[in-house]
Structure formats: C-alpha cells, structure tokens
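Below, read A as the first sequence line, B as the second, and so on, with proteins coming before strands; counting in each chain starts at 1.
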Amino acid sequence: MLRRTMGLLARPIAAARARSFSTDLPAAQTADATFVEAWNKAMPNMDPPKTPLSFMQPRPATPSSIPSKLTVNFVLPYASELATKEVDMVIVPATTGQMGVLPGHVATIAELKPGVLSVHEGNETTKYFVSSGFVFIHANSFADIIAVEAIPLDQIDANLVQKGLAEFTQKLSSATTDLEKAEAQIGIDVHSALNSALTG
Amino acid sequence: MASNAAVPFWRAAGMTYITYSNICANLVRNCLKEPYKAEALTREKVHFSISKWTDGKPEKPTIRSDSPEE
C-alpha cells in the first residue's frame with residue numbers, strides 16, 4: 001500500500017515541475033501570434049487589426065540579475081499616486097507586520113492593514129497613511145500597491161483621532177451583536193493605527 | 001493547506017472584505033484636517049444613476065446611493 005501511495009505522490013510532483021511558475025514568466029507578448037497567422041491566411045491583402053494585446057505595455061521580463069531600483073505603482077480608486085516610479089525601497093503595512101520591499105523581493109501578494117506606507121528614494125522618504133488594500137510584488141521588481149484611501153501624514157487631525165478612538169472604545173463595550181463588535185473593533189484598529197502614525 | 005481557523009475577526013462576524021475596506025476608508029477620511037475633509041466627503045458617496053428607457057428615450061435618472069440617508 002505504501003508503494004502505491006509513493007507512486008501517486010510522484011505523479012503530481014512531476015506535473016508541477018512541468019508547469020512553470022507564474023513568477024518566472026518571460027516578458028509578455030505584444031501581438032497575438034495565432035490571430036495574426038489566421039488572419040493572414042484568410043485575408044492576405046489586409047493588415048490584421050490591432051488586438052487589445054498590442055495596445056498594452058508588455059510586462060517586463062524577470063531580469064537574471066537583481067535590478068538596482070524597485071518600480072512602484074501606487075494607485076487609489078480616484079487617482080494614481082505613483083506611476084512606475086523607481087525607488088530604492090518601500091515599507092508597506094501588511095497584516096503580518098511592516099514589510100520592507102527591496103528590488104529583487106520574492107513575488108508576494110500581501111493584504112494591507114491600516115498603517116503607514118513609506119517610500120524611500122535616495123535620502124527622501126514619503127509617508128502615507130493607507131486605510132487598507134493590497135500589495136502585489138512581482139518577480140521583475142515591480143510592486144503594485146492598491147489602496148482605497150491614502151493620506152499624507154500631515155493631513156491627519158490629531159483631535160479627531162483621539163475622539164474617534166474614545167468613541168469606538170466606548171462602542172466596543174456597549175456592543176451586542178457580533179457585527180457591532182466587529183465594527184467597533186475596526187474603529188479601534190484604524191484609530192490606534194492613525195495615532196501611532198502621528199506619534200511614530 | 002491552511003485550515004479555515006485563521007479567519008479575520010470581521011469575516012467571522014459575517015462582514016465581507018469590501019465592507020471592511022470601505023469602513024476603514026470612511027474612518028480614515030473622517031480624521032482628515034479641514035480643507036481636505038470636504039473633498040474627501042465627496043469621495044465617500046457611492047451612487048448609481050439609473051434611468052429607465054421607454055420608447056427609445058431615457059426618463060429622468062434616479063440616483064441610488066449607498067449611504068442610508070438618501
């Protein structure tokens with residue numbers, strides 16, 4: 001029985017090795033090869049129309065040596081805060097803690113918690129308070145940070161933060177249903193993160 | 001693989017990620033300083049404009065909003 005299970009184990013491993021990881025993909029193509037071939041066979045005298053693929057910028061290939069800069073795209077639903085900006089490092093507030101991202105970082109998808117995002121370029125650091133979102137780090141040293149709200153730290157009003165913290169702490173103690181407790185807990189988390197952003 | 005035990009507290013309470021994210025964003029917007037806060041409040045409104053079409057012409061659109069007052 002053991003030998004049969006070993007045989008079963010061997011097959012999925014071989015299949016996984018045959019498929020490449022999505023992190024090791026080469027640069028994306030700019031034209032749909034099969035479509036162009038089929039078009040040229042059917043209508044040899046007309047140029048093939050452009051497909052959406054040709055309008056998109058191709059994904060840069062994963063370089064063989066670690067690049068010197070990290071390229072960051074930081075977007076919000078209403079604005080693009082940073083677009084393909086080359087920086088040295090970003091520190092993102094992931095749910096697992098503050099995560100520093102350097103060029104050559106392993107491909108990662110991280111969920112963000114309310115906290116401070118800092119972008120380090122040369123000697124300057126730009127900090128934003130991010131409400132929540134995700135960061136996608138690709139193997140080619142591109143990082144896409146998406147957040148719903150991101151505000152520079154000097155736009156935070158300390159009094160409102162204190163008031164909010166007190167209000168939600170009070171709401172947590174008076175909450176009855178699970179949903180109310182969760183909302184109060186979210187309020188406390190966000191306001192304490194804002195507080196530490198102001199003081200830290 | 002990971003078990004279902006490590007769910008975040010808001011999901012355990014029945015909230016979806018998008019609700020959680022919108023609550024966080026609203027709380028952050030409410031803590032802004034004055035001139036920025038007014039612009040931010042306009043972003044908070046989520047609304048849809050729905051117009052029914054009759055005889056090939058749109059009727060007056062109704063605005064459905066996510067916030068409970070409207």
> Between A12(B), S21(B), G14(B), P35(B), which has the largest tally of heavy atom pairs under 4.5 Å with chain A?
S21(B)
> What part of E111(A) gets within 4.5 angstrom of chain B, counting heavy atoms only: side chain, backbone, both, or neither?
side chain
> Heavy-atom cut-off 4.5 Å, strictly under: side chain, backbone, both or neither for I23(B) against chain A?
side chain
> What part of I186(A) gets within 4.5 angstrom of chain B, counting heavy atoms only: side chain, backbone, both, or neither?
both
> In terms of heavy-atom pairs under 4.5 Å with chain B, which of L194(A), L179(A), N159(A) leads?
L179(A)
> Aromatic rings Y20(B) and F9(B): how do their planes relate, parallel, tilted or perpendicular, breaks at 30° and 60°?
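Correct class here is perpendicular.
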> Please check if F142(A) and I146(A) belong to a single hydrophobic cluster, counting links between Ile, Leu, Val, Met, Phe, Trp and Tyr side chain heavy atoms closer than 4.5 Å.
no
> Sort D189(A) into side chain, backbone, both or neither according to what part of it lies under 4.5 angstrom from a heavy atom of chain B.
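The answer is the side chain of D189(A).
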> For V190(A), is it the side chain, the backbone, both or neither that has a heavy atom under 4.5 Å from a heavy atom of chain B?
side chain
> Which label fits W39(A) and F35(A): parallel for a plane angle under 30°, tilted from 30 to 60°, or perpendicular past 60°?
tilted
> Which atoms of I151(A) come close to chain B, meaning under 4.5 Å heavy atom to heavy atom: side chain ones, backbone ones, both, or neither?
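Just the side chain, heavy atoms under 4.5 Å.
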> Verify side chain to side chain donor-acceptor pair (under 3.5 Å) between T125(A) and S118(A), making sure each step is shown before the conclusion.
CA-CA 6 Å; T125(A) 308; S118(A) 44; over 6 Å; no
> Using the ring of Y36(B) (Phe, Tyr or Trp, six-membered ring only), decide whether K33(B) places NZ or CZ under 6.0 Å from its centre and within 45 degrees of its axis.
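Negative - K33(B) is either too far from the ring of Y36(B) or too far off its axis.
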> For the residue pair Y128(A) and F74(A), is the inter-centroid distance of their aromatic rings smaller than 6.0 Å?
yes
